[in-house]
Every structure is written in C-alpha cells, then in structure tokens.
There are 2 protein chains.
Amino acid sequence: MGERRAPDPERRLVNESSDHRHDAPNLEHFRERLQEHMAKKGLRSTDQRRLIVETFFAAPNHVSIEELLAQVREQDPKVGYATVYRTLKLLAECGVAFERKFGDGLTRYELADDEAHHDHLICVQCSSITEFEEPRIETLQEEIAHRYGFELRSHKHEMYGVCPDCLKAAAATGKRN
Amino acid sequence: MGERRAPDPERRLVNESSDHRHDAPNLEHFRERLQEHMAKKGLRSTDQRRLIVETFFAAPNHVSIEELLAQVREQDPKVGYATVYRTLKLLAECGVAFERKFGDGLTRYELADDEAHHDHLICVQCSSITEFEEPRIETLQEEIAHRYGFELRSHKHEMYGVCPDCLKAAAATGKRN
DNA sequence: CTCATTGCAAAATCTTTGCACGTAA
DNA sequence: TTACGTGCAAAGATTTTGCAATGAG
C-alpha cells in the first residue's frame with residue numbers, strides 16, 4: 001500500500017529558514033486583544049488555554065496542531081487535541097493568529113503580526129519555509145483588486161521551488177532533478 | 001465513516017466570474033501529453049478515463065472532484081469517486097492539470113495551461129473565483145526567489161476579499177460588515 | 001491470457017462535535 | 001452556583017486503498 005497521509009516523518013520537518021519574529025513581536029498587544037475578545041464573549045481563562053496560548057507564542061512560526069500539541073504535552077500530558085484545535089480557532093477568531101494551509105493537508109498557525117506583510121517561499125524538497133516581504137507586490141495587489149472592483153481583505157502568496165541548501169545537495173549528488 | 005454527502009451547500013457554490021478558457025486552450029496538446037504519459041507507463045485507455053478527461057476539459061475551471069463526478073455521472077452513473085480521484089491525479093502527474101487547494105478543504109483542478117500565468121481573486125462571501133494576470137508580479141517573484149537563492153518552480157497567489165456583487169448587495173442591505 | 005482498471009466499501013487522516021464531568025467566576 | 005471548558009471518543013469530511021471482478025491489449 002502506498003504512503004498514507006502522515007506516515008512520513010519528513011513531512012513535519014519544517015526547517016524554519018527565517019524564523020525570527022520580526023524584532024519584538026508585540027506579545028502584550030496580542031494578549032490584550034485575546035483578553036478583550038474573551039471578556040466580550042464571556043469566555044474563561046483556564047490553565048489549558050493559557051498553556052496553549054503561551055506555547056503558541058513561544059513556538060516557531062507556522063506550527064501545526066500536532067507540533068503544538070506535542071509541545072503543550074511536555075508541560076501537561078493530559079491536554080487533548082480538541083482543546084488545542086478549539087484554542088487555536090479562538091486565536092484565529094480574535095485576530096491573534098492566522099490559519100495557513102499550505103498544500104500538505106496540515107493546518108498551520110502563525111502569529112497575526114499585522115505589521116509584517118510577509119509571504120512564503122516553500123521548498124518542494126525539504127519543506128522549509130522562508131518568509132519574505134515585498135512592498136511592491138502589496139502595492140500591485142491593491143491595484144489589481146481595485147481593477148476588479150474587489151475590496152481586499154487578505155491574501156496568500158506562496159512561491160514553491162528548491163531552496164539553496166537542496167540545490168547545493170542536488171548539485172553535489174550529481175544533478176538529478 | 002460511510003456516506004459523506006455535503007451538508008453545506010454553500011461551500012460548493014462557486015460562481016466562476018471569469019470562466020473563459022484563455023482563447024483556445026490547446027486541448028489537442030494536452031491530449032497528446034496525456035497519451036504519451038500513458039504509453040510510457042503502460043497505462044490503458046478506458047471508457048471511464050476518457051469520459052472523465054473529456055468532462056474535465058469541458059468543465060468550468062477550478063472544478064472540485066464532486067462537481068466533476070456529478071458531471072461525469074450524467075453520462076455514466078456508475079462511475080465511482082475513486083476513479084475520478086485517480087484520473088485527476090493522473091492528469092496532475094503528467095502536467096495536464098494543476099491541483100489547487102483554496103482554504104475550504106476541497107481540492108480543485110484546473111487546466112495546466114502553461115501560457116497563462118494567472119492567479120486568483122476569491123470572494124470571501126460568495127466564493128466566486130476571478131482570475132487575473134499581472135506580469136509585473138511575475139517579474140517581482142523571480143526577483144525575490146533569486147534574492148533568496150531559490151529556484152522557482154511554481155507559485156500560488158490568492159487574494160481574498162469582497163467581490164463587486166457582494167459589495168453592492170451589502171450596500172443595498174444597509175452596510176453590515 | 002495477463003495485468004491494469006474499476007467500483008465498492010473500508011481505511012486513513014485531519015478536524016469537529018457530543019457528552020459527562022470538572023471548574024472559573 | 002452556573003454555564004463554560006475539558007478530555008475522550010465518536011462522528012464528519014475528504015482522499016486513498018484493498019480486493020474481487022472486469023476488460024483492454
């Protein structure tokens with residue numbers, strides 16, 4: 001039988017090539033936004049939620065639920081996935097996190113971090129994710145949206161290719177591919 | 001497990017706003033490419049495959065498996081989804097179709113149509129999909145890939161917003177949102 | 001005849017949900 | 001006290017696969 005969806009450990013090996021959090025991500029700001037949202041909706045602050053949220057804040061960008069759950073369970077092994085799913089949905093709802101679905105069937109989450117309009121370069125061989133920013137593309141996007149009468153809300157710009165490391169490796173092996 | 005009929009009809013309501021096929025998509029070229037691929041792999045030409053492939057060629061762009069299956073079953077009600085999945089995977093393998101995953105959990109397929117490097121504007125309210133082309137963005141993409149030492153293979157550029165029709169509707173209703 | 005292909009149902013995978021119990025406020 | 005939250009397991013939703021039967025070459 002062929003590969004099933006996640007028997008392949010390589011798939012979650014996401015080498016965050018540019019993993020910095022944009023000099024001082026304003027976590028306090030996000031904590032406030034979350035608290036506000038929870039207050040408004042009458043939601044409660046629990047040990048699990050706090051743990052999951054802080055783990056998310058500390059995690060590398062583009063964490064998958066699985067990765068996050070693993071991290072969370074190091075602190076408290078009894079946390080279930082449902083709670084992680086629900087908490088991240090909550091973060092997404094109040095604009096603290098973005099849901100990202102790259103083509104591999106996993107949902108990843110990233111800090112909303114409005115300031116940084118970055119997009120992604122994804123290596124088709126090693127799955128590493130590199131962020132980039134390009135204001136000129138942002139400008140063109142607005143121009144295009146306007147051209148079609150759209151009111152722009154968000155965008156997703158992903159470029160797939162072979163990263164420098166994999167190119168080097170391929171060259172060393174003898175240029176297959 | 002078992003039957004999974006769509007519970008949410010809205011999700012598959014994809015109004016193709018710009019549904020043209022870029023003046024004369026060279027179907028003959030794609031048929032040849034497919035035949036070649038099949039010959040090389042010793043694959044066989046069956047009624048179902050031919051039906052599915054031709055239905056795909058005739059379908060609006062960005063068809064989901066379900067939509068395609070429905071179309072196919074109008075001709076031959078006995079075709080199963082597995083066959084459609086397998087056939088579209090085949091088309092993707094030999095470069096005749098692209099797999100597209102917009103964020104709604106459905107996989108859609110589109111004619112490869114190399115010539116037209118179009119991207120997508122997606123309405124967050126009615127899910128309509130509009131294609132656009134912008135050579136200046138293509139150029140910038142190459143520039144960025146080069147900047148990071150990537151060898152670019154493909155890209156995905158999706159802009160999410162509210163389409164003119166929904167904006168009009170919203171304005172008429174009284175500017176919610 | 002041989003082996004790829006099909007249709008069906010079951011499995012696999014990721015995500016959501018129902019429910020009884022726990023717990024923040 | 002009173003809903004909301006949690007964990008678990010079961011259900012959902014989409015895609016893939018095993019298998020016996022079918023059919024192309």
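A, B, ... follow the sequence lines: proteins, then strands. Residue 1 opens every chain.
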Whole-Å gap separating [atom2] ([N]) and [atom1] ([X]):
{"X": "B:Leu43", "N": "D:dG23", "atom1": "CG", "atom2": "P", "value": "19 Å"}
{"X": "B:Asp76", "N": "C:dG7", "atom1": "CG", "atom2": "C1'", "value": "11 Å"}
{"X": "A:Lys41", "N": "C:dA25", "atom1": "NZ", "atom2": "P", "value": "18 Å"}
{"X": "A:Met38", "N": "D:dA3", "atom1": "CE", "atom2": "C1'", "value": "14 Å"}
{"X": "B:Leu90", "N": "C:dT6", "atom1": "CG", "atom2": "P", "value": "9 Å"}
{"X": "A:His37", "N": "D:dC4", "atom1": "NE2", "atom2": "C1'", "value": "14 Å"}
{"X": "A:Lys101", "N": "C:dT13", "atom1": "NZ", "atom2": "P", "value": "18 Å"}
{"X": "A:Asp47", "N": "C:dT23", "atom1": "CG", "atom2": "P", "value": "9 Å"}

For this session: Measure the CD-CG distance between A:Glu138 and A:Asp119 for me, rounded to the nearest 0.5 Å.
Result: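 A:Glu138 atom CD to A:Asp119 atom CG measures 6.0 Å (nearest 0.5 Å).
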
State whether [X] places a side-chain N or O below 4.0 Å from either non-bridging phosphate oxygen (OP1 or OP2) of [N].
{"X": "A:Gln48", "N": "C:dT23", "answer": "no"}
{"X": "B:Lys89", "N": "D:dT16", "answer": "yes"}
{"X": "B:Thr107", "N": "D:dT15", "answer": "yes"}
{"X": "B:Tyr85", "N": "D:dT15", "answer": "yes"}
{"X": "A:Ser45", "N": "C:dA24", "answer": "no"}
{"X": "A:Thr46", "N": "D:dT6", "answer": "yes"}

Minimum-distance nucleotide to [X] side chain [options: [options]]:
{"X": "B:Arg44", "options": "C:dC14, C:dC8, C:dC3", "result": "C:dC3"}
{"X": "B:Val79", "options": "C:dG7, C:dT16, D:dT15", "result": "C:dG7"}
{"X": "A:Ala82", "options": "C:dA4, D:dT14, D:dC8", "result": "D:dC8"}

Problem set entry | B:Arg50 vs B:Arg86, nearer the 5' end of DNA chain D by closest nucleotide |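 Looking at DNA chain D, the more 5' nearest nucleotide goes with B:Arg86.
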
Exercise. Is there a salt bridge (charged side-chain N to carboxylate O under 4.0 Å, His left out) between A:Glu93 and A:Arg86 once you walk through the steps?
Worked result: CA-CA 10 Å; A:Glu93 264 168 34; A:Arg86 288 188 274 229; over 6 Å; no

Exercise. Do A:Arg49 and A:Glu54 come within less than 4.5 Å of each other through their side chains, counting heavy atoms only?
Worked result: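 SC-SC contact between A:Arg49 and A:Glu54 ruled out.
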
Problem set entry | B:Ile144 and A:Ile137, any side-chain heavy atoms less than 4.5 Å apart |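 They are in side-chain contact.
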
For this session: Under 4.0 Å between any heavy atoms, over every strand shown, what does B:Arg49 touch: base, sugar-phosphate, or nothing? Just pick one.
Result: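 It contacts sugar-phosphate atoms only.
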
Exercise. Would you call A:Arg50 and A:Asp47 a salt bridge, taking side-chain N to carboxylate O under 4.0 Å as the test?
Worked result: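 A salt bridge links A:Arg50 with A:Asp47.
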
